[in-house]
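The structure appears below as structure tokens.
In this text the structure is predicted, and so the values were computed from the model without any measurement. Order of the sequence lines sets the chain letters (A, B, ...), proteins ahead of strands, with each chain counted from 1.
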Amino acid sequence: MPEFLYLRKESHVAVCPLGIIACVGAGVVYHACVGRNSGRCHLFSEQLERPKTILRGKIMKRTKIKALLNAESAMPEIVVKGWVRTKRDSKGFSFLELNDGSCLKNIQTVIDHTPEIEAELAKIGTGASVAIEGELVESPGKGQKWEVRGKSLKMLGEADPETFPLQKKRHSDEFLRGIAHLRPRTNKFGAMFRIRSELAQAIHKFFAEKDFFYIHTPILTGSDCEGAGEMFRVSSLEHGTKAPIEEDFFGKPAHLTVSGQLEAEMFSLALGDVYTFGPTFRAENSNTPRHVAEFWMIEPEMAFADLSDDMDLGEEMIKYTVQHILDNCADDVELFGKWVDKTLMPTLDTLLKNEFIRLPYTEAIEILKKTKKKFEYPVEWGMDLQTEHERFLCEEKFKQPLYVYDYPKTIKPFYMRLNDDDNTVAAMDCLVPRIGEIIGGSQREERLDVLHARMKEMDLPEEEYWWYLDSRRFGTVPHAGFGLGFERLLMLVTGVSNIRDAIPFPRTPNHLEF
RNA sequence: UCCCCAGUAGCUCAAUCGGCAGAGCGAGUGGCUGUUAACCACUAAGUUCGCGGUUCAAGUCCGUGCUGGGGAGCCA
């Protein structure tokens with residue numbers, strides 16, 4: 001897409017309200033259209049008598065800073081656009097360091113002073129956006145291989161230094177959370193969200209290579225009894241109305257999904273191996289560094305699979321995606337290893353090199369009972385593991401990721417498969433250092449009679465689940481799956497300690513800004 | 001939702017026993033220099049989170065509300 005028109009001296013330029021550049025020279029009308037492949041602009045065609053789609057001179061496209069820094073050789077004519085990170089003035093020339101988000105590093109530009117350029121420079125401070133036309137040359141200074149020698153400079157958008165909140169210094173995470181709309185312009189959050197993008201791609205790549213199908217499960221749900229936590233009500237009625245539920249959009253209560261699992265199961269029992277990857281909503285009033293009300297979750301579901309296959313998949317997936325980020329986001333990850341968590345690299349290294357520990361719940365309880373460490377909550381078979389127990393197992397006892405599996409049936413949901421002991425279910429949690437539970441999964445109960453009995457035990461209304469139960473009536477098969485919190489995986493990869501720094505605009509109780 | 005800690009300049013923080021509101025960074029101005037989170041000098045910058053109380057006197061003590069952080073529960 002042409003964005004910048006290189007003009008000869010005799011050319012004249014006009015810019016239409018849509019950002020279209022027309023070039024008029026020697027009595028012939030030429031024009032180029034910004035943002036179009038064709039170079040033809042119909043709006044302008046009407047205004048000009050003899051429209052032609054021939055360009056005079058050469059179209060100059062913005063080159064991303066990442067490409068400039070990776071250049072093999074000098075480049076005679078380039079345009080670089082970005083935000084000023086720092087400006088350093090000298091007598092007769094200035095340095096501008098530009099970042100355009102394409103990578104962590106800035107590019108240094110050097111521009112000799114002319115009256116026009118000095119006027120433009122006077123308006124430019126940290127945070128301003130600029131376009132610079134010039135050449136990429138080897139830098140005579142230390143600290144960088146390449147720099148841009150600018151010939152022209154245009155300020156695109158100013159940033160008043162008196163009010164622009166980002167300064168040329170480190171800011172606290174808490175402060176930056178208050179300006180979540182500007183924080184991606186910092187090194188740390190730019191790196192975070194590049195990694196986030198790459199991590200999402202890695203997940204799709206992982207599943208594609210394993211022939212899993214990507215299923216889009218609904219975000220609006222009619223079942224308010226999925227048992228995975230408090231749900232957000234959705235309504236098209238005015239707030240405070242007393243209208244009966246029949247008058248609401250769906251004619252019955254609607255909520256935002258807390259999990260795509262039940263729907264994913266239906267597709268697993270048709271396409272074999274499937275996964276979902278989408279937003280999930282929990283209306284829990286939990287205020288911790290590991291919880292947000294809106295987060296992204298990956299939920300694979302495999303037909304003809306058991307709990308062991310399930311744990312294999314989770315381990316493989318975590319290792320694959322972590323390795324992918326190390327391979328493809330080296331600079332960005334290095335920033336986190338250096339400034340955020342000094343133990344990040346060793347932690348990831350341990351994770352990659354060792355097999356995840358697989359520990360039955362009953363054995364976990366025995367270990368916890370035997371240890372000298374005093375816990376606030378006494379250890380008893382049948383209770384759920386508390387945070388202090390999980391941390392002890394993961395961070396002190398084994399010092400690496402581990403699965404705990406075969407939990408008591410009394411503390412797990414109805415859909416988990418009952419084991420032969422009649423006391424435990426084929427459930428598994430994957431615990432990782434510092435974060436705790438990153439995966440929760442199970443083999444699903446595929447036997448209709450057992451499922452019936454479990455639902456009765458737990459007092460669930462079977463009529464709500466008629467379609468779910470159908471899957472066990474017609475060609476049921478053993479199957480298993482899990483849910484993995486995307487932001488928690490991102491915390492693992494980057495070492496950040498607060499989940500609100502791993503999602504662009506975090507939603508938590510009483511926080512719906514931006 | 002419960003427990004603990006904090007809130008002072010744009011940012012990060014200091015201010016002794018209740019006794020004149022401070023520093024670094026950032027910003028502005030001037031200077032200097034192929035500079036590297038540049039450097040040097042000067043300048044401006046405050047409802048000490050809000051409300052109420054105790055006191056001759058409150059950033060400091062008490063009550064209360066709000067905001068932020070940490071821990072717990074719940075979970076991914």
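The side chain of A/Arg282 has B/A76 as its nearest neighbour among B/A76, B/A27, B/U35. Residue A/Gln386 has its side chain nearest to B/C74 when only B/A38, B/A76, B/C74 are considered. Residue A/His291 places its side chain closer to B/C74 than to any other of B/C74, B/U35, B/G71. Checking B/U33, B/U36, B/G73 against the side-chain heavy atoms of A/Glu97 singles out B/U36 as nearest. Side chain of A/Thr126, nearest nucleotide from B/A76, B/U36, B/A27: B/A27.
The distance from atom CZ of A/Arg88 to atom C1' of B/C39 is 12 Å, rounded to the nearest whole Å. A/Phe93 has its CZ atom 8 Å from the C1' atom of B/U33, to the nearest Å. Computed from coordinates, the A/Asn498 CG to B/G71 C1' distance equals 13 Å when rounded to whole Å. B/A38 atom P lies 12 Å from atom NZ of A/Lys87, rounded to whole Å. Following rounding to the nearest Å, A/Phe95 (CZ) and B/U36 (C1') show an atom-to-atom distance of 8 Å. With rounding to whole Å, A/Arg434 atom CZ is found 11 Å from B/G71 atom P. In this entry the distance linking CG of A/Leu431 with P of B/A76 reads 12 Å, nearest Å. Note: CE (A/Met491) to P (B/C75) measures 18 Å, nearest angstrom.
Within the structure, a side-chain polar atom (N or O) of A/Arg290 is placed less than 4.0 Å from OP1 or OP2 of B/A72. For A/Thr288 and B/G71, the shortest distance from a side-chain N or O to OP1 or OP2 is not below 4.0 Å. A sub-4.0 Å separation between OP1 or OP2 of B/G69 and a side-chain N or O of A/Arg177 is present.
B/C39: Watson-Crick or G-U partner is B/G31, with both key distances under 3.5 Å. Nucleotide B/A45 forms a pair with no other nucleotide shown, judged by Watson-Crick or G-U wobble geometry with both contacts under 3.5 Å. Using Watson-Crick or G-U wobble geometry with both donor-acceptor distances under 3.5 Å, B/G63 finds its partner in B/C51. Across all strands shown, B/G68 forms a Watson-Crick or G-U wobble pair, both distances under 3.5 Å, with B/C5. Pair assignment for B/A23 gives B/U12, based on Watson-Crick or G-U wobble hydrogen-bonding distances that are each under 3.5 Å.
Between the side chains of A/Ser139 and A/Trp146, no donor-acceptor pair is found at a separation under 3.5 Å. Checking A/Asp406 against A/Thr424 by side-chain atom types alone, no donor-acceptor pair falls below 3.5 Å.
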List the steps, then state whether side-chain contact (heavy atoms from CB on, under 4.5 Å) holds for A/Met266 with A/Glu301.
-> CA-CA 9 Å; A/Met266 302 305 102; A/Glu301 197 69 38; over 6 Å; no
Could you please spell out the steps behind the salt bridge (Lys or Arg N to Asp or Glu O under 4.0 Å) verdict for A/Glu457 and A/Arg454?
-> CA-CA 5 Å; A/Glu457 259 176 45; A/Arg454 286 280 283 151; 3.7 Å; yes
Audit row: A/Glu446, A/His479, side chain to side chain donor-acceptor pair (under 3.5 Å) steps and yes/no | CA-CA 7 Å; A/Glu446 85 282 11; A/His479 61 291; over 6 Å; no
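Geometrically, A/Arg88 engages A/Phe95 in a cation-pi contact defined by less than 6.0 Å to the ring centre and at most 45° from the axis.
Ring stacking holds between A/Phe295 and B/A76, with the centres under 5.5 Å apart and the planes within 30 degrees of each other.
The residue among A/Asp89 and A/Glu437 whose nearest nucleotide of RNA chain B is located toward the 5' end is A/Asp89.
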What one-letter contact string describes nucleotides 8-15 of chain B from 5' to 3', where B marks a base within less than 4.0 Å of any protein heavy atom, S marks contact via sugar-phosphate atoms alone, and - marks no contact?
-> --BBS---
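Ion pairing between A/Asp429 and A/Lys412 holds under the 4.0 Å rule for side-chain N and carboxylate O. A salt bridge links A/Glu316 with A/Lys210: at least one charged nitrogen is closer than 4.0 Å to a carboxylate oxygen. The pair A/Lys373-A/Glu396 counts as a salt bridge, with a side-chain nitrogen and a carboxylate oxygen less than 4.0 angstrom apart. Between A/Arg282 and A/Glu294 there is no salt bridge, since no side-chain nitrogen of the basic residue lies less than 4.0 Å from a carboxylate oxygen of the acidic one. A salt bridge is absent between A/Asp173 and A/Arg183: the closest approach of a Lys/Arg side-chain nitrogen to an acidic carboxylate oxygen does not fall below 4.0 angstrom. Between A/Lys188 and A/Asp501 there is no salt bridge, since no side-chain N of the basic residue sits under 4.0 Å from a carboxylate O of the acidic one.
No contact: A/Glu294 has no heavy atom under 4.0 Å from any strand. As judged by a 4.0 angstrom heavy-atom cut-off over every strand, A/Gly483 is placed among residues touching the sugar-phosphate backbone only. Here A/Pro161 lies in heavy-atom contact (under 4.0 Å) with sugar-phosphate atoms only. No contact: A/Phe482 has no heavy atom under 4.0 Å from any strand. Among the atoms of the strands shown, none is found under 4.0 Å from any heavy atom of A/Ser94. Residue A/Glu376 is classed as having no contact, given no heavy-atom separation below 4.0 Å to the nucleic acid. Note on A/Ile298: nothing from the nucleic acid sits closer than 4.0 angstrom, heavy atoms only. Base contact: A/Ser90 has a heavy atom under 4.0 Å from a base atom. As judged by a 4.0 angstrom heavy-atom cut-off over every strand, A/Val292 is placed among the base-contacting residues.
Between the side chain of A/Arg149 and the base of B/G34, a donor-acceptor pair under 3.5 Å is found.
For RNA chain B, the residues of residues 504-514 of chain A within the heavy-atom distance limit of 4.0 Å (strictly under) are A/His511, sorted by number.
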